[in-house]
Amino acid sequence: MDTIVILDFGGQYTQLIARKVRELEVYSVIYPFSHPVEAIRRESPRGIILSGSPCSVYEKGAPRVLRNIFELGVPVLGICYGAQLMAHLLGGGVERSSRREFGPATLKVVDGGTGLFAGLDTEQDVWMSHGDSITAAPTGFTALATTGNTPFAAMACPARRLYGVQFHPEVVHTRHGKEILANFMRRICGVASRWTMGDFIASTVEGLRSEVVDGRVICALSGGVDSTVAATLIDKALHERLTCVFVDNGLLRLNEARSLRRRFEKHLGLTVRYVDASARFLRRLRGVRDPERKRKIIGREFIRVFDEAASKVRGVEYLAQGTTYPDVIESVPIAGPSSLIKSHHNVGGLPKRMKLKLLEPIRQLFKDEVRAVGRLLGIDEEMVGRQPFPGPGLAVRIIGEVTDERLRLLRKADAIVVEEIKAAGLYGKIWQAFAVLLPVKSVGVMGDSRTHETVAAVRAVESLDGMTADWVRLDHALLNRISTRIVNEVRGINRVVYDITSKPPSTIEWE
Ligand code: XMP
């Protein structure tokens, strides 16, 4: 398969580069900048892209790559820091610029003949985000494009197929960004094949059939997109040898367990063992207020329940998981503290004695690709388009103790939020929208009497990957409808507030 290797120097857009490359139907992988050049050579990629970084190339400790990366005979495209690093390592000059450039700029192409700008306007809008600039190109390189601030906004040594751009072709604000990346891959690297989700399904099914010769596969379904798509892919490959387990932990949303069950069986034809463990989970959570303890208890209990269910299935040799690419990419810890501040709960910690071999059929895919695969597998839009929902479920949205009564309140309030967001046509456009139950009571008046009831918060966020997020500027009439309906329809809640914090400094969930 024709592959583009992306080396990550800790830039904020590295994953975006990989996704853009894949949108152009070229397979891409991300490695940390320290990935050995020899390993890259063995992989024989068609091209290499060097990402951006918050660092300066001349700083002590700045992330580097060995210079022989430029001697593999493989085309290289440096983006922003990647271009500066190329200039720096090959004898050019990089300096802190007197005028930093953040935001839009007009690019003037001075040499369009090399392929990178082939077929594109000679003047185009690009997106800049840099404090350093290339002041002198290395020997053999020429400027392909300039901006008012930057003489080497794009440079190249076509004989060695080395290219550098100061701007970010991967962000939407660079008008011809996709075409520039396409030119690099198709014209310069010579990538001819197309990597499509249809091919992905065919090769994954074939791979699963040859890998899993004997034994059964077990897969925990959470109700989310990833595990559903992973299970459906395995079902397509191995059908009757797959057994899924769905654990109702009692922390699901209104009617969720029932509707998931119907969907898995009727619509997807999966073989599923349902375990209603809600009483067990709720018993263990009684009196627990600390969010980390809640997560730990739920994680541990889940493993116990899953283990019990799995041990009843004969001949299990494989465990399937819906791991996706963002969980696999080794993060480059330059960009700041890891975003995994909370202990996320998943099935990673299964008891070793189970000795199962792991199957992760979608570990190469980003979320939007998982959804595309799901659609091709015939999974309905309502399932494929589901917003993420945390493993510990409503327990992390009930601040304080989880009780039956508080679950009842939150389920009703949450269902109203989701219903109204859907009615407004926003559900598929935003990352998540939900309700949170606060451990606070406030005074109100309803009819002629005074009330003293619980406060609910509404959270709606936009995000690309859950790592950072911004609160959605919901229309006031919509907020009003949500608030009025919750207070009128959910007896026990008399006040609704809207969360207007982004992540960071907040997180998406409240706990
Ligand atoms: P935070 O709250 O950390 O959430 O900003 C980021 C994304 O992760 C989801 N989330 C979880 N998912 N287990 C999960 O499987 C968890 O424990 C968990 N906690 C948060 C959250 O819904 C958001 O999409």
Side-chain angles (χ1 to χ4, degrees), residues 15 219-230 246-253 256 260 281 284-285 288 290-303 305-306 321-329 331 335-350 360 362-363 366-368 370-371 385-399 402 410 414 417-418 421 426-438 457-472 499-511:
Q15 289 200 20
C219 178
L221 290 174
S222 69
V225 187
D226 299 344
S227 58
T228 306
V229 170
F246 177 76
V247 177
D248 180 354
N249 58 11
L251 303 165
L252 300 171
R253 290 162 289 189
E256 192 170 15
L260 283 173
F281 278 86
R284 299 225 183 248
L285 286 169
V288 180
D290 176 62
E292 272 305 291
R293 266 200 70 212
K294 283 187 197 170
R295 274 165 200 274
K296 292 239 159 68
I297 289 171
I298 295 165
R300 231 180 304 136
E301 198 58 23
F302 176 81
I303 287 168
V305 174
F306 182 74
Q321 287 192 344
T323 314
T324 61
Y325 200 44
D327 309 323
V328 174
I329 302 170
S331 65
S338 153
S339 56
L340 286 177
I341 294 165
K342 299 172 185 175
S343 59
H344 279 197
H345 141 74
N346 55 36
V347 279
L350 283 179
E360 296 177 313
I362 54 169
R363 65 181 273 126
F366 286 111
K367 192 90 181 180
D368 38 354
V370 175
R371 292 196 161 119
R386 284 187 125 209
Q387 293 181 349
F389 183 63
L394 298 182
V396 293
R397 294 181 182 170
I398 293 178
I399 316 307
V402 179
L410 181 56
D414 186 72
V417 173
V418 173
I421 291 283
L426 292 174
Y427 185 83
K429 298 197 178 121
I430 64 181
W431 179 260
Q432 270 171 310
F434 55 88
V436 179
L437 206 66
L438 307 192
V458 174
R459 182 98 166 116
V461 293
E462 276 161 355
S463 173
L464 264 181
D465 49 14
M467 298 289 191
T468 61
D470 198 9
W471 60 280
V472 183
D499 182 348
I500 53 168
T501 27
S502 58
K503 171 184 180 176
S506 266
T507 50
I508 296 177
E509 304 291 346
W510 277 43
E511 284 200 334

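When a residue number appears, it is its place in the shown sequence, counting from 1. Both counts, for ligands and for their atoms, begin at 1 and track the order of listing.
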Q: Take Glu509 and Phe434 through the test side chain to side chain contact (heavy atoms under 4.5 Å, CB included) and record every step on the way to the result.
A: CA-CA 9 Å; Glu509 304 291 346; Phe434 55 88; 3.7 Å; yes
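- Checked by atom type and distance alone, the side chain of Arg295 pairs as donor or acceptor with a backbone atom of Glu511 at under 3.5 Å.
- With a 4.5 Å cut-off on side-chain heavy atoms, Pro392 and Leu251 do not count as touching.
- The shortest separation from a heavy atom of Trp510 to ligand 1 is not under 4.0 Å, leaving the residue out of contact.
- By the 3.5 Å distance cut-off applied to N or O atoms, Arg397 is not counted among the residues near ligand 1.
- At least one side-chain heavy atom of Leu285 sits under 4.5 Å from a side-chain heavy atom of Lys294.
- Under a 4.0 Å criterion applied to the non-hydrogen atoms of Arg295, ligand 1 contributes the atoms 16 (C), 17 (O), 18 (C), 19 (N).
- The distance criterion of under 3.5 Å between nitrogen or oxygen atoms is met by Gly391 with respect to ligand 1.
- Side-chain contact between Ile399 and Val436 is present, with heavy atoms from C-beta onward closer than 4.5 Å.
- In summary, the atoms of ligand 1 found under 4.0 Å from a heavy atom of Gly466, numbered by their order in the structure, are 6 (C).
- Between Arg363 and Asp327, no side-chain nitrogen of the basic residue sits less than 4.0 Å from a carboxylate oxygen of the acidic one, so the salt-bridge criterion is not met.
- Close approach to Lys503 involves these atoms of ligand 1, each under 4.0 Å from a residue heavy atom: 1 (P), 3 (O), 5 (O), 6 (C).
- The residue Met467 has no part lying near ligand 1, judged by heavy-atom distances below 4.0 Å.
- For ligand 1, none of its N or O atoms has an N or O atom of Phe389 under 3.5 Å away.
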Q: In sequence, state the C-alpha distance, the side-chain angles, and the governing distance for Asp226 and Lys367, and then conclude on salt bridge (charged side-chain N to carboxylate O under 4.0 Å, His left out).
A: CA-CA 8 Å; Asp226 299 344; Lys367 192 90 181 180; 3.3 Å; yes
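- Residue contacts with ligand 1 for Pro392 involve side-chain atoms from C-beta outward but no N, CA, C or O (heavy atoms, distance under 4.0 Å).
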